[in-house]
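The analysis underlying the following values was restricted to heavy atoms, covering all of them including side chains, and did not include hydrogens, waters or symmetry mates.
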Amino acid sequence: FQACVYFASVFQAMSCGIHYLASVFMAVTPNFVCGFPGNVSSVLFHNSSASSIEDIWTLWTSPENYIVVQLENGEIWELDQCSRSKREASLDLAYEYKGNKSVFPCSDGFLYDDTKWKSTVVTQWDLVCDREWLAKLIQPTFMLGVLIGAVIFGDIADRLGRQRVIWFTSAGQFVFGVAVAFTFDYYSFIIVRFLLAMVSSGYLVVAFVYVTEFVGIKARTWASMHVHAFFAMGIMIVALVGFLVRTWWVYQVFLSIATLPFVLCCWMLPETPFWLLSEERYEDAQKVIDTMARWNKVSTPCKVSELCSVQQDDLTTGRAGDDDMSSTKKHNILDLFCNWQIARRTITVWLIWFTGSLGYYVFSLSSVSLGGNEYLNLFLIGAVELPCYIIACVAMDKLGRRNTLIPFLILSALICVLIMFIPQDFNTLIILANMAGKFSIGVAFGLIYLYTAELYPTIVRSLAVGTGSMMCRVGSVVAPFCVYLRSVWIFMPLLLVGIMALLSGILTIMLPETLGKPLTNTLVEATEMGRNKKSCSEKTPPAHSGAALEKIEMFGQERVSTDK
């Protein structure tokens, strides 16, 4: 039962990977020049002549180039990317001209190279020259929607249930995804994409919680890590569809219907028993548990009444030892900085979250600019994630969380430096190095979820993971702007990622290892885990009884903190 629920839920995670990276082909800027007034009779580019501009694009090598055209009325124009010049008193068609010229703006629009892409949002609404900044905002505004959606839907899922949010966000991905293709101008495109980002992020966050509450303890690490793998498969689908479809709105429609089967059957997914128990809907929880028992052929299913009685005994015992239980619930972000040990841990963890997200999206978004076949590049950047999560799972259980995180962060920094020394005409070597960088940062990015939860005590664990996730979203918003710095210096994005990764790897050395250690309940215990006795004064809440945990383990489940 749990396996069916898991694979159905993570199947839709592919759509999140699809929409997160869809803009790499949708918003590409092809070669272009200023339009001209009239019909062309001859075209000249350096020493090559042609009868139409379409024949010249294969010779175009730099934005500094210009094209000379002669119109049927005899006028000769020089066409740059953002301006055009009319030659005065020129009768001979020649590329070089030293005479007088009259400069005009591009009032007749632009001419685009459509040999690779028949249509993009850039060519649709002329997002070039003085409107280029609008094109550069497409991915950052999407990532801003991702940030807001993670916060909003994470909270709604706790209030209304995981099932309803999964229904709404999965349907929303399909509806808004198709709607993007039929937007009538740039601003409606941005607004609908923003809504699409919110529901996509909301689904991904709630899906993590949903599968975690259904999957047993022994499989939880592998199950949670491989939600990322399905996200990576979505990136591979983007590369495949981008290769096959070269018109942006058709491309968007095909991407949106890729996961339509899940939308049609997601209403069959049940609510998690843990959420039902937290809302005291015991009969509904018992129905789900009985269904699980029938599917899994369990002869003696768990009784909710027995589990609730055990939990009630725990609560009574805890209250006998501490009458003021409500005080343990009053925690805020300042508790993550209660002493130097915890504060240093929080800063380091936040930096790792930020660096992981920054590096992940910088390598992904930059893949189409590496040279060679951009579709194959993006496909490989997605495919390299699949083995990286397997290695991460094995390494974190064998070597430890910290001992896995440190070398891969430092390795990603070294790879960023190595890429700077590879000659630009060695395309294959550059692509392989970028794959290695994506692999190493992917390992670090994947295991920080679990490591963060283990570094903090129960009373602030959800807060720690939630704030770390917020830093992750900030990194994803910054990443597109970082990629745009290629126009300043081609290696600037790699330099920034390398510095951040190296700094994160060095600071991680000071974090404690959590492999094989029990989860802490108070900030006192969490501080002692860091070998620093100075800590915040906190009251220790009663631990779950062995009987209660044993009952939960019968169905391979345990309530864990959720990533909002």
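Between Phe262 and Phe174, the distance separating the two ring centers is not shorter than 6.0 angstrom.
Side-chain atoms of Ile430 and Asn434, non-hydrogen and from C-beta on, do get closer than 4.5 Å to each other. Between Leu147 and Val474 there is a side-chain heavy-atom pair separated by less than 4.5 Å. Residues Tyr210 and Val5 form a side-chain contact, since some pair of their non-hydrogen atoms from C-beta on lies under 4.5 Å apart. Side-chain contact check for His226 versus Tyr6: some heavy-atom pair is nearer than 4.5 Å. Side-chain atoms of Leu204 and Val227, non-hydrogen and from C-beta on, do get closer than 4.5 Å to each other. Using a 4.5 Å cut-off on side-chain heavy atoms (C-beta onward), Ile191 and Phe176 make no contact. Contact annotation: the side chain of Ile381 approaches that of Met435 to within less than 4.5 Å [non-hydrogen atoms, C-beta and beyond]. Side chains of Val368 and Val28 form no contact here, defined as non-hydrogen atoms less than 4.5 Å apart.
In the model, Thr346 has a side-chain atom that pairs as donor or acceptor with a side-chain atom of Tyr456 under 3.5 Å. For the residue pair Tyr484/Gln139, the side-chain donor-acceptor check at 3.5 Å is not satisfied. With hydrogens and angles left out, the side-chain atoms of Gln173 and Ser15 include a donor and acceptor closer than 3.5 Å.
Nearest heavy-atom pair, Ala27 versus Val121, reported as atom, atom and distance to 0.1 Å: CA-CG2, 3.6 Å. Minimum interatomic distance between Val24 and Val238 (heavy atoms only, all atoms of both residues): CG2-CG1, 4.3 Å. The nearest pair of heavy atoms linking Val497 to Cys416 is CG1-SG, 4.0 Å. Pro270 approaches Phe1 most closely through the heavy-atom pair CG-CZ, 3.8 Å. Summarising the geometry of Ser357 relative to Cys472, their closest heavy-atom pair is OG-O, 2.7 Å, with the distance given to 0.1 Å. Across all their heavy atoms, Leu370 and Ser366 have their closest contact at CG-O, 3.5 Å.
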For this session: In sequence, state the C-alpha distance, the side-chain angles, and the governing distance for Leu351 and Met500, and then conclude on side chain to side chain contact (heavy atoms under 4.5 Å, CB included).
Result: CA-CA 8 Å; Leu351 184 63; Met500 297 297 293; 3.2 Å; yes
For this session: For the pair Ile352 and Leu405, evaluate side chain to side chain contact (heavy atoms under 4.5 Å, CB included) and give the outcome as yes or no after the intermediate values.
Result: CA-CA 9 Å; Ile352 297 171; Leu405 190 58; 3.6 Å; yes
For this session: Could you walk me through whether Leu447 and Phe408 pass side chain to side chain contact (heavy atoms under 4.5 Å, CB included), step by step?
Result: CA-CA 11 Å; Leu447 69 85; Phe408 278 103; over 6 Å; no
Exercise. What's the verdict on side chain to side chain contact (heavy atoms under 4.5 Å, CB included) for Glu385 and Tyr360, showing C-alpha distance, side-chain angles and the deciding distance?
Worked result: CA-CA 10 Å; Glu385 288 188 55; Tyr360 182 94; 2.7 Å; yes
For this session: Could you check Trp117 against Thr123 for side-chain hydrogen bond (donor to acceptor under 3.5 Å, both in side chains), going step by step and ending with a plain yes or no?
Result: CA-CA 10 Å; Trp117 299 279; Thr123 63; over 6 Å; no
For this session: Determine, stepwise, if the pair Cys106 / Cys34 fulfils disulfide (SG to SG under 2.5 Å).
Result: CA-CA 5 Å; Cys106 300; Cys34 213; 1.8 Å; yes
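In terms of modelled atom types and a separation under 3.5 Å, the side chain of Arg246 and the main chain of Ser119 share no donor-acceptor contact. Formation of a donor-acceptor pair under 3.5 Å by the Thr169 side chain with backbone atoms of Gly202 is not found in this model. Judged by distance alone, with hydrogens and angles left aside, the side-chain atoms of Ser440 form a donor-acceptor pair with the main-chain N or O of Gly437 at under 3.5 Å. Here the side chain of Gln252 pairs a donor or acceptor atom with the backbone of Gly177 at under 3.5 angstrom. Not a single donor-acceptor pair under 3.5 Å links the side chain of Asp80 to the backbone N or O of Tyr66. With hydrogens and angles disregarded, no donor-acceptor distance shorter than 3.5 Å links the side chain of Arg473 to the backbone of Ile148. Panel note: side chain Ser364, backbone Tyr361; no donor-acceptor pair is recorded below 3.5 Å. When atom types are taken as modelled, the side chain of Tyr251 and the backbone of Ala22 share a donor-acceptor pair closer than 3.5 angstrom. Put simply, the side chain of Lys438 never gets that close to the backbone of Phe363: no donor and acceptor are under 3.5 Å apart. Ser201 places a side-chain N or O within donor-acceptor distance of the main-chain N or O of Ala150, the cut-off being under 3.5 Å.
Relative ring orientation between Tyr112 and Phe110 is described as tilted, the plane-to-plane angle lying within the 30° to 60° band. Under the 30°/60° scheme for interplanar angles, the aromatic rings of Phe189 and Trp125 are found to be tilted.
For the ring pair (Phe, Tyr, Trp, His ring centres under 6.0 Å) criterion with Phe25, the lone passing option out of Phe243, Trp248, Tyr375 is Tyr375. When each of Asp126, Val128, Leu111, Leu79 is checked for a side chain to side chain contact (heavy atoms under 4.5 Å, CB included) with Phe32, only Val128 meets the rule.
The CZ atom of Arg162 lies 14.0 Å from the CG atom of Leu269; values are rounded to the nearest 0.5 Å. Considering NE2 of His228 and SG of Cys16, their distance stands at 12.0 Å, rounded to 0.5 Å. Expressed to the nearest 0.5 Å, how far OG of Ser504 lies from CG of Leu409 amounts to 6.0 Å. Atom CZ in Phe153 sits 9.5 Å away from atom OG in Ser200 (nearest 0.5 Å). We find the NZ-CZ distance between Lys136 and Arg131 to be 14.5 Å, quoted to the nearest 0.5 Å. Separating the CG atom in Asp114 from the CG atom in Asn31 is a distance of 11.0 Å, to the nearest 0.5 Å.
Residue pairs meeting the salt bridge (charged side-chain N to carboxylate O under 4.0 Å, His left out) criterion with at least one partner in residues 393-412, sequence neighbours excluded, are Asp397-Arg401, Arg401-Glu454.
No more than 12 heavy atoms of other residues, nucleotides or ligands shown are found within 6.0 angstrom of CZ on Phe168. Other residues, nucleotides and ligands place no more than 12 heavy atoms under 6.0 Å from the CH2 atom of Trp249. A 6.0 Å sphere centred on CZ of Phe254 holds no more than 12 heavy atoms belonging to other residues, nucleotides or ligands. More than 12 heavy atoms of other residues, nucleotides or ligands lie within 6.0 Å of CH2 in Trp489, so this atom counts as buried by the packing criterion. Counting heavy atoms of neighbouring residues, nucleotides and ligands inside a 6.0 Å radius, atom CZ of Arg164 does not exceed 12 of them.
Residues meeting the disulfide (SG to SG under 2.5 Å) test with Cys482, sequence neighbours left out: none. For Trp350, the side-chain hydrogen bond (donor to acceptor under 3.5 Å, both in side chains) test picks out Thr467, with sequence neighbours left out.
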